[in-house]
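What follows is a set of notes on a single structure, which appears directly below.
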Amino acid sequence: VPANAIYAVCEWLKESDAYRMDYCANLTAVDYPESHIEVVYHLYSIVKKIGPILIKVKLPREHSTIDSVTPIWRGAEYQEREVFDLYGIDFTHHPDMRRILMWEDFEGAPMRKDYVVEDQDVLE
C-alpha cells in the first residue's frame with residue numbers, strides 16, 4: 001500500500017461489510033538496509049472470523065513518516081510507539097508519540113541494521 005493511502009485503506013478494511021477488520025494484532029517494521037524500511041500490519045476480523053490480512057508499506061530510510069492508525073484501532077497506539085522507538089519511524093497524528101522502551105535521551109534506532117552499539121564499558 002502506498003504510504004499516503006494507509007489510513008484510508010485501513011479505515012475501509014475496518015468499515016467495509018466484506019471485511020470488518022476490527023483487530024490490529026501486530027504492527028511492526030522490517031529494515032532492509034540497502035533500500036527501505038517496511039511497516040507491516042496484521043489485521044483480523046473477530047466478528048467475521050477471518051484473517052490475517054497483511055499490509056506492507058515501504059518507506060524511505062531517511063525521514064520515515066506514515067499516518068497513525070491509532071484512531072482506527074486503539075490497540076495500535078503502543079505498537080506504533082515501539083516502532084517509533086526502535087526503528088525511528090514517525091507516525092503523524094499519533095496521540096502520544098514518545099519513546100516507550102528506551103530512555104528519552106537515547107540516540108538512534110536500535111533495531112535498524114546500521115545502528116552502531118555504543119561501548120557500554122566506557123565511562124564518560
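Because only heavy atoms are used, hydrogens play no part in the values below, and waters and symmetry mates are left out as well, while side chains stay in.
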Tell me whether W103 shares a hydrophobic cluster with V116, the cluster being built from Ile, Leu, Val, Met, Phe, Trp, Tyr side chains joined at under 4.5 Å.
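No.
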Would W12 end up clustered with V57 when hydrophobic side chains under 4.5 Å apart are linked, directly or stepwise?
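Yes; V57 is reachable from W12 via cluster members.
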Are any non-hydrogen side-chain atoms of R81 and M97 less than 4.5 angstrom apart?
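Yes, side chains in contact.
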Please tell me if the side chains of I66 and F91 come closer than 4.5 Å, counting only heavy atoms from C-beta onward.
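Side-chain contact under 4.5 Å: yes.
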Please check if the number of heavy atoms outside Y115 that lie under 6.0 Å from its OH is greater than 12.
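Counting neighbours around OH of Y115, more than 12 heavy atoms of other residues, nucleotides or ligands fall under 6.0 Å, so yes.
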Are more than 12 heavy atoms from other residues, nucleotides or ligands located less than 6.0 Å from atom CZ of R99?
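More than 12 heavy atoms, drawn from other residues, nucleotides or ligands, come within 6.0 Å of this atom.
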Nearest 0.5 Å, what's the [atom1]-[atom2] distance between [X] and [Y]?
X    : Y    : atom1 : atom2 : result
L13  : D22  : CG    : CG    : 11.5 Å
T28  : M111 : OG1   : CE    : 7.0 Å
E11  : I6   : CD    : CD1   : 11.5 Å
Y78  : L101 : OH    : CG    : 12.0 Å
Y87  : S64  : OH    : OG    : 12.0 Å
I100 : E77  : CD1   : CD    : 8.0 Å

Partner of S68 under side-chain hydrogen bond (donor to acceptor under 3.5 Å, both in side chains), chosen from E80, H93, H94
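When E80, H93, H94 are each tested with S68, the side-chain hydrogen bond (donor to acceptor under 3.5 Å, both in side chains) holds only for E80.
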Counting distance only, does the side-chain N/O of [X] pair as donor-acceptor with the main-chain N or O of [Y] below 3.5 Å?
X    : Y   : value
R112 : I37 : no
W73  : K14 : no
K113 : D31 : yes
N26  : H42 : no

What are the two closest non-hydrogen atoms of [X] and [Y], and how far apart are they?
X    : Y   : value
Y19  : I50 : O-CD1, 3.8 Å
A109 : G88 : CB-N, 3.7 Å
S45  : R20 : OG-O, 2.9 Å
I72  : C10 : CD1-CB, 3.7 Å
A29  : V83 : CB-CG1, 3.9 Å
Y7   : P71 : OH-CB, 3.6 Å

Exactly one of V69, V40, I55, L43 should register a side chain to side chain contact (heavy atoms under 4.5 Å, CB included) with L27. Which one does?
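Of V69, V40, I55, L43, side chain to side chain contact (heavy atoms under 4.5 Å, CB included) with L27 is met by V69 alone.
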